[in-house]
There are 2 protein chains.
Amino acid sequence: MAEDDDPGELNLALLCFIAYRAMENRVLEDLAAAGFGDVTAAQGRVFARIDPDGTRITDLAERAQVTKQTAGFLVDQLERAGYVRRVPDPRDARARLVQIAERGQAATEVAGRTEAAVEAEWTHHLGRASAVQLRQALTRLREITDPYR
Amino acid sequence: MAEDDDPGELNLALLCFIAYRAMENRVLEDLAAAGFGDVTAAQGRVFARIDPDGTRITDLAERAQVTKQTAGFLVDQLERAGYVRRVPDPRDARARLVQIAERGQAATEVAGRTEAAVEAEWTHHLGRASAVQLRQALTRLREITDPYR
DNA sequence: TGACTTAGACAGATTCTCTTACCATTATTA
DNA sequence: TAATAATGGTAAGAGAATCTGTCTAAGTCA
């Protein structure tokens, strides 16, 4: 992660990170203000990848790019805090599905509102056309940077 | 960090994170292959923000968004591994400047080449115009997402 | 000079993450 | 069908990264 000699010309990835971090902080902040102050960033990164009908630990681990053990550890915490529940997977007796619980749903709504608000700010700052292009570019980039999904 | 209901329409920040992570992994991989396998991601994130003429711990902490203690801890490790050195700051006897040492310079060159290669891949995938727009958008976004610099 | 601030380090605890090892279930195959 | 391999998940333990609190030394300013 070296820096360009020319200051102000950071590499694309670092620029991505700065934006990402800003959003994460805002979401965590608003969650805390809404009474969900016990969610950590690591928990949030796993939580954000749960499908509406539930997701297996193994898949969550893959998506969040952590080991199964780490994903299980974070899901344990989310479960104890009431954000998710584990139910047996009807299609495979070995597996369990992590589903979003009531408290998790409430937190999702708060987070979603913040995300929308921050995206609106970004769109306002960039201009509509530029923001749309940004999303398109990042989505296309995902084709070669995200091995999952 | 909630996910959109519509799959495939992840929020902008998550898209940023995916790209960032891909670059970080590639750089760390190539560094390891070049004999710099002892650098961790956290160390790299601090290292990447050292100015050519050296930077104070406090500033590094601010830029990397960690506490001074964490920055000092990571710089300790980088120093022991020979990537950086600490020298007294001639302008302030309390402060010390973290500077890139020989080994760090060599690693910087490897990382720089990887970054350039990955950016070239991205540019190729997106097309030149789109890649330029992406950089412009992210740079402008930095104005409202990066409190430092 | 004295009060306050800033730069940095040390100690300790917590959180996150990994590796290794293991169990249960499912899939494969001889 | 029985043995073997692969998959989903957990457990234990260690290491890495991070924080809060506290401390010293040095600079700033009234």
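Within every chain, numbering begins at 1; the chains are lettered A, B, ... in the order of the sequence lines, protein sequences first and strands thereafter. Since this is a predicted model, take the numbers as computed values, not measurements. Scope of the values below: all heavy atoms of this structure, side chains included, with no hydrogens, waters or symmetry mates.
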How do B:I57 and A:L74 order along DNA chain C: which one's closest nucleotide is nearer the 5' end? B:I57
For atom CG of A:L97 and atom P of D:dG8, their distance in whole Å: 12 Å
Report yes if a side-chain nitrogen or oxygen of A:T40 is closer than 4.0 Å to either non-bridging phosphate oxygen (OP1 or OP2) of C:dT15; otherwise report no. no
Atom pair distance, as rounded to whole Å: CZ in A:R45 and C1' in D:dA17: 12 Å
I'd like to check A:R86 versus A:L97 (side-chain heavy atoms, cut-off strictly below 4.5 Å). Are they in contact? no
Please determine if a side-chain N or O atom of A:Q77 lies less than 4.0 Å away from the OP1 or OP2 oxygen of C:dC16. yes
Looking at A:T58, does any N or O in its side chain come under 4.0 Å of the phosphate oxygens OP1/OP2 on D:dT7? no
Within the modelled atom types, does a donor on one side and an acceptor on the other bring the side chain of B:Q69 and the base of D:dG21 under 3.5 Å apart? yes
May I ask you to decide if A:R96's main-chain N or O and A:R56's side chain share a donor-acceptor pair within less than 3.5 Å? no
Salt bridge check: are A:D51 and A:R63 linked by an N-O gap of less than 4.0 Å? yes
Sub-3.5 Å pairs of nitrogen or oxygen atoms, protein against nucleotides 26-30 of chain D:
residue	atom	partner	partner atom	Å
D:dG27	OP1	B:A93	N	3.0

Short side-chain N/O contact from B:R86 to OP1 or OP2 of C:dG8, under 4.0 Å: no
Keeping A:T70 on the side-chain end and A:V66 on the backbone end, is there a donor-acceptor pair under 3.5 Å? no
Without hydrogens or angle criteria, can the side chains of B:Y20 and B:E24 be said to hold a donor-acceptor pair below 3.5 Å? yes
Does any N or O in the side chain of A:H125 come within less than 3.5 Å of the main-chain N or O of B:R140, such that one atom is a donor and the other an acceptor? yes
Out of D:dT18, C:dC16, D:dA17, which nucleotide sits closest to the side chain of B:V66? D:dT18
Does OP1 or OP2 of C:dC16 have a side-chain N or O of A:T70 closer than 4.0 Å? no
Ignoring the backbone of A:F73, work out which of D:dT18, C:dA7, C:dT17 is nearest its side chain. C:dT17
Quick one: does any side-chain atom of B:R45 pair with a main-chain N or O of B:A64 as donor and acceptor, under 3.5 Å? no
Go through D:dT18, C:dG8, C:dC16 for me and flag the one nearest to the A:Q43 side chain. C:dC16
